[in-house]
Amino acid sequence: MVPAANGSAFMEAGKIKVMAAVYGPRQRPASAGSTSSSSPVLLCDFKFAPFASPSRRGYLKDSSERAASLSLLRALEPAVRYEALPERSAVDVFVTVLEEDGVQASVASAITCASVALADAGIELYDLVIGCSAAFLPSSPDTPTNVLLDPTVVESTHPSCTGSLIMAAMPSLAEVAHFELDGSVSGEEVGESIDLALDACASLHGAVKAVIAGSGSGDTVS
Amino acid sequence: MLLSPAEIDYITKSCDRNIRTDGRSRLDLRPFLIETGLLAQANGSCRLRVDATDVVVGVKAEIGSIVPERFEEGAEGDRDEDDAEVVRDVQAQTEDGGDGATDRGRVVCSVDCAPSAAPYLSPLALQSLSAELSQSVSRLLNGPGGGLDLKSLCIIPRRTCWVLYVDAMILDSSGHLLDPLHLAVRAALLTTQIPLVTVQRVGTGALDLDYDVSADRTVPVNGAIGVPVTVTLHRVGTRLIADPTAQEERCATARVTVHVDGKGRVCGVKKGGKGGLEAGLVKEAVREGRRVGLDVVKGLDKVLEEEGKGQRVGFFAA
Amino acid sequence: MSSVVSFALPAARNPVKPEFTRHDAHLNDGESTLKPQARASVVLPGEEIATATSFMRGHGTYPLNDKLQSSLAGVIERVNKLISVRPLRSRYSGEVGDVVVGRVTEVGQKRWKVDINARQDAVLLLSSINLPGGVQRRKSEMDELNMRKFFTDGDLLSAEVQSFFNDGGASLQTRNTKYGKLRNGTLVTVPSSLIRRSKSHFHTLSSGVHLIVGLNGNIWVSKATPQSTEEKDSEMIYMGTNDDDFSDDVRRNIARTCNSIIALARCQVLINEVLIFNMYEAALDLDVPVKDIVSRREEILSHARKARDFMHIDETQ
């Protein structure tokens with residue numbers, strides 16, 4: 001998809017369109033009087049294209065993009081086999097959302113897309129990282145809350161939405177790589193959402209494998 | 001990019017003999033793969049591919065004030081500067097100096113080159129390339145040769161207008177980027193739909209006007225059909241070639257960019273590159289560039305018509 | 001003079017719908033066995049590839065409890081008891097004896113740095129090149145200016161991998177006169193995974209075109225000259241200029257050959273000189289203009305496959 005990158009992937013999930021490019025591993029210049037360690041690092045950069053949202057975004061990163069860059073890093077780190085990377089090397093991951101449909105869902109897709117790009121670049125991983133998001137939406141004040149998987153922007157920004165989460169899972173290892181939940185929900189709701197999200201990650205994992213096996217390179221998953 | 005003296009010589013002589021390394025003749029363009037309307041959040045969009053060159057353009061129309069305030073709501077620092085610069089440019093280009101810009105909308109362009117677009121360029125050089133490309137599109141669309149009817153973008157004189165944000169992302173490149181960029185911008189603008197705005201009187205004063213933005217009715221951008229394309233002819237050896245590969249571009253000593261509209265009018269000519277050009281070659285460039293440009297416009301309009309009739313496929317299909 | 005301008009719309013692609021898949025049950029017969037996926041083609045990071053500890057783990061695998069997992073997206077390779085995963089897309093990492101085509105990126109103290117599309121640049125030591133007779137053999141006097149008389153920045157050369165340094169970088173040699181500076185042609189780059197080792201990597205096609213198929217994915221396509229095949233004159237090895245007499249026919253054949261190679265690569269077909277020639281002939285047969293060879297590659301490839309002498313390269317070689 002992006003031939004000059006060492007690895008790349010593009011993903012389309014409903015309206016969300018994300019592309020990821022990976023460069024590396026490459027030598028990090030040793031800074032003078034270096035106090036930084038020589039171990040390999042992963043650097044993640046997340047941004048929305050100016051035309052990704054209903055209202056145009058400027059080129060300066062806003063706080064949601066900075067937060068998403070951090071979520072991306074936290075989600076991918078557990079999967080990377082750092083011992084297989086050369087000393088003092090860096091792996092750069094650039095993710096651009098070309099069209100979003102809810103920030104959480106877009107970040108979740110970004111995580112999946114980035115891990116496919118890492119695999120495409122030949123970076124050794126313990127597992128692929130699959131992201132998914134959910135929103136908590138009670139249908140009325142008295143009924144139990146519905147956990148909606150992969151919410152659209154309408155759903156996740158709905159006034160009655162009580163919370164949202166992003167989960168990143170490593171399905172083959174049955175481990176959670178990253179989890180962040182914001183809002184005000186009950187304990188059971190959290191448990192239910194974790195189970196649902198894990199199932200969603202598992203089924204998405206199957207689809208991703210089918211695409212990688214079929215094409216031999218980073219490709220579309222819809 | 002590095003090339004050996006032997007390679008440079010081979011490429012140069014190939015252009016002279018009209019048998020380029022990929023078998024093309026001097027003025028043959030590589031095939032374009034094009035798609036519009038692929039970004040749901042944009043009022044208009046286009047993705048254009050030529051060999052490895054990959055450009056995505058999104059057009060977003062937003063209501064803004066004719067003279068941008070420093071405290072424009074929701075604006076970020078960079079948008080203010082882009083805007084202000086465009087207004088200064090337009091003022092400089094219109095005859096009546098200061099007042100000319102108060103009865104028209106404007107176009108704010110920015111081009112973002114991904115690192116993959118030119119891996120042999122340093123981050124600074126990349127930024128410089130992005131700025132140069134942004135400038136080219138911005139000056140064209142806001143100037144007299146841009147084709148767009150900017151006055152039709154005015155909503156309330158001296159107060160409110162449409163601001164068209166033309167954002168381009170260069171995902172990858174294999175050769176000179178200016179021509180695919182302008183082509184994608186034209187295609188995006190041709191397929192842009194902005195909401196219909198109706199203006200009403202709300203009082204007796206001359207400026208007692210209010211506007212209403214329709215939720216469901218849209219109109220195209222007036223004058224998009226007149227937006228020019230560019231054809232840049234590069235001098236390699238003693239001859240001119242169109243649509244160079246990255247290697248051919250490296251062997252070029254000078255270039256001439258010709259802006260051509262659908263009627264065959266030449267809307268701009270710019271010479272670039274480090275070397276000089278004989279006057280005869282400049283004239284030839286304008287002549288050939290105009291001819292190729294007309295073919296490009298015709299080809300684009302035809303394929304867009306075909307696309308309009310057919311089925312939409314997903315982004316990044318094929 | 002006419003020009004060609006063409007526009008096309010993209011073709012549709014089918015989306016993949018996620019379906020719930022359950023993890024394959026383990027083979028629990030107690031013996032060392034490969035999982036079913038091991039016989040299929042592609043594995044993903046995290047996939048279990050063997051259940052027993054009696055396999056030796058190679059590149060692209062990691063141990064988890066008493067299982068072997070893949071750490072790459074790739075194809076399982078098994079040599080006796082050694083299991084490794086070959087990545088689907090990887091940079092060139094060669095072996096001693098490989099013929100490569102590389103570009104000089106730096107001229108240094110008694111050595112050149114050569115980019116061969118590997119994880120790091122290769123090195124060509126002054127002591128590894130062919131020094132024509134009469135040249136000052138006092139290598140201690142070889143300063144940078146003199147070095148550039150042999151190879152300078154940007155030069156393309158063919159060489160052989162003679163050894164590896166501890167950090168994994170290759171050391172090249174050009175002692176044999178068939179190696180050296182490249183001229184009279186142009187470079188085509190394809191993924192190195194499409195190039196297979198064969199008996200020779202230097203070929204002269206009947207169309208007057210000479211090929212040097214580098215295992216690192218760089219292929220030099222040039223005009224065939226007597227020097228291509230014979231022992232080169234010591235003066236010729238470091239000549240950086242092209243011949244004066246270059247016929248249009250040869251130029252066209254070189255372009256046709258380059259496009260045939262690119263067409264094969266885009267179809268993800270393994271490449272060797274026979275296939276290149278088959279593709280070339282098929283394009284001629286179908287009367288495809290040189291510049292359209294890449295865009296009409298599927299049509300040309302299926303025509304080539306029908307030819308009696310079409311050669312299939314066995315994947316497992």
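Throughout, a chain's letter reflects where its sequence line sits, starting with A, and its residues are numbered from 1.
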Tell me, do B:E62 and A:S55 make a side-chain contact under 4.5 Å, heavy atoms counted? yes

Kindly say whether A:A52 contributes a backbone atom to a donor-acceptor pair with the side chain of B:K60 at under 3.5 angstrom? no

Flag the pair A:M19 / B:L171 as yes when at least one side-chain heavy-atom distance between them is below 4.5 Å, and no otherwise. yes

Can you confirm whether B:D112 sits close enough to A:K47 that some side-chain heavy atom of one is under 4.5 Å from a side-chain heavy atom of the other? yes

Is A:S53 close to B:Q41 at the side-chain level, that is, under 4.5 Å between some pair of heavy atoms? no

Please indicate whether A:R81 has more than 12 foreign heavy atoms, meaning atoms of other residues, nucleotides or ligands, lying under 6.0 Å from its CZ. yes

Can you name the closest pair of heavy atoms from B:L39 and A:E99 and give their distance? CA-OE1, 3.3 Å

Considering all heavy atoms of both residues, which atom of A:R56 and which atom of B:S110 are nearest to each other, and what is their separation? NH2-OG, 3.7 Å

B:A168 versus chain A, heavy atoms under 4.5 Å apart: side chain, backbone, both or neither? backbone

Taking only residues at least two apart or on different chains, which pairs with a member in residues 37-46 of chain A satisfy salt bridge (Lys or Arg N to Asp or Glu O under 4.0 Å)? A:D45-A:K61

Residue among B:V166, B:V56, B:N43, B:V59 satisfying side-chain contact (heavy atoms from CB on, under 4.5 Å) with A:F51: B:V56

